[in-house]
Amino acid sequence: MGKDVIVALDLDCRKKVVDFLDRFTEEKPFVKIGMELFYAEGPAIVREIKARGHKVFLDLKLHDIPNTVQRTMAVVSGLDIDMVNLHAAGTKAMMEAALTGLTRPDGSRPLLIAVTQLTSTNQQRMEEELLIHQPLDQVVMHYAKCAAEAGLDGVVCSPLEAGEVHEVCGKGFLTVTPGVRFAESEVGDQVRVTTPARAKELGSDYIVVGRPILRAEDPVAAYRRCVAEFVG
Ligand code: C5P
């Protein structure tokens, strides 16, 4: 897999997803199915989107005891998805258990990515609510290192952190980066944001884009603009 734009299908029912994907007559975007859609439609929607020819990132952000995560990942690995994730805060033991669960009998498995700190978090919230008093970028790097040591393929982080993650964990360690906005668009609840072009300069491997595409007047044009800026 190379650099790509992942479209976040943050929609609450199958019909909206089908209407949205039907607009794409030429390309088959890599898509992200998050909790909203997965809880609404279940595994059937994953199978349907895979059958339409899309790569799928199942964004379930698992965070539970190792045994539960391992068993859940074993179920998830049967869905033929391309990427799935969990929270690095669940510890290395949880991440290692997840990898074990995810690996199919033939040795193959989807990419496994760890969330470091959500891109909606900032230093103040982390200190006051999570009682973490290290600088945010150091927290992200520490979680990234733990994920790499546990054998994961990469992390979800801000594009602003992608370069440093590559320095700390190696170039092959993937950075999947949400918090992307066009220069002129609204930030919403995201805090650490950049444009697709800047994410490319900063070395992101994948950008995850939701609202700037979903809420665009012409979503296909917005998707193409992301690809043009990010992939080139
Ligand atoms: O609409 P927007 O472009 O902000 O969507 C970003 C997507 O990336 C959402 O689906 C959100 O759940 C996801 N995400 C995130 N920050 C993380 C991990 C995932 O924004 N750290």
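Atoms within a ligand are numbered from 1 in the order they appear, just like the ligands themselves. Not measured: the values here are computed from a predicted model.
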Item to complete: May I ask whether Lys32 has any heavy atom positioned less than 4.0 angstrom from an atom of ligand 1?
Response: yes
Practice prompt. Report yes or no: do Arg125 and Thr121 form a side-chain donor-acceptor pair below 3.5 Å?
Written response: no
Worksheet item: Would Glu184 and Arg225 pass as an ion pair if we require N to O under 4.0 Å?
Response: yes
Worksheet item: Just how far is it from atom CG of Leu11 to atom CD1 of Ile45, taken to the nearest 0.5 Å?
Response: 9.5 Å
Item to complete: Report the part of Cys157 in contact with ligand 1, treating N, CA, C, O as backbone and CB onward as side chain, heavy atoms under 4.0 Å; options are side chain, backbone, both, neither.
Response: neither
Fill in: Under-4.0 Å salt bridge between Asp218 and Arg23
no
Worksheet item: At a 4.0 Å threshold, what atoms of ligand 1 neighbour a non-hydrogen atom of Arg181?
Response: 1 (O), 2 (P), 3 (O), 4 (O)
Response to the item:
Note: ligand 1 atoms sitting under 4.0 Å from heavy atoms of Leu118 are 17 (C), 21 (N)
Fill in: Under-4.0 Å salt bridge between Glu229 and Lys200
no
Item to complete: Drop me the distance from Asp82's CG to Lys50's NZ, to the nearest 0.5 angstrom.
Response: 3.5 Å
Worksheet item: Is the closest basic N to carboxylate O distance between Arg52 and Asp22 below 4.0 Å?
Response: yes
Worksheet entry | Numbered atoms of ligand 1 (with element) below 4.0 Å of Arg211, judged on heavy atoms | 1 (O), 2 (P), 3 (O), 4 (O)
Discussion item. Tell me whether ligand 1 is touched by Pro212 - counting only heavy atoms on the residue side and a distance under 4.0 Å.
Written reply: yes
Discussion item. Using a 4.0 Å cut-off to any heavy atom of Ala8, which atoms of ligand 1 qualify?
Written reply: 10 (O)
Worksheet item: Should the proximity of Val156 to ligand 1, defined as any heavy atom under 4.0 Å, be assigned to the side chain, the backbone, both, or neither?
Response: side chain
Worksheet item: Would you say ligand 1 has an N or O under 3.5 Å from any N or O of Gly210?
Response: yes
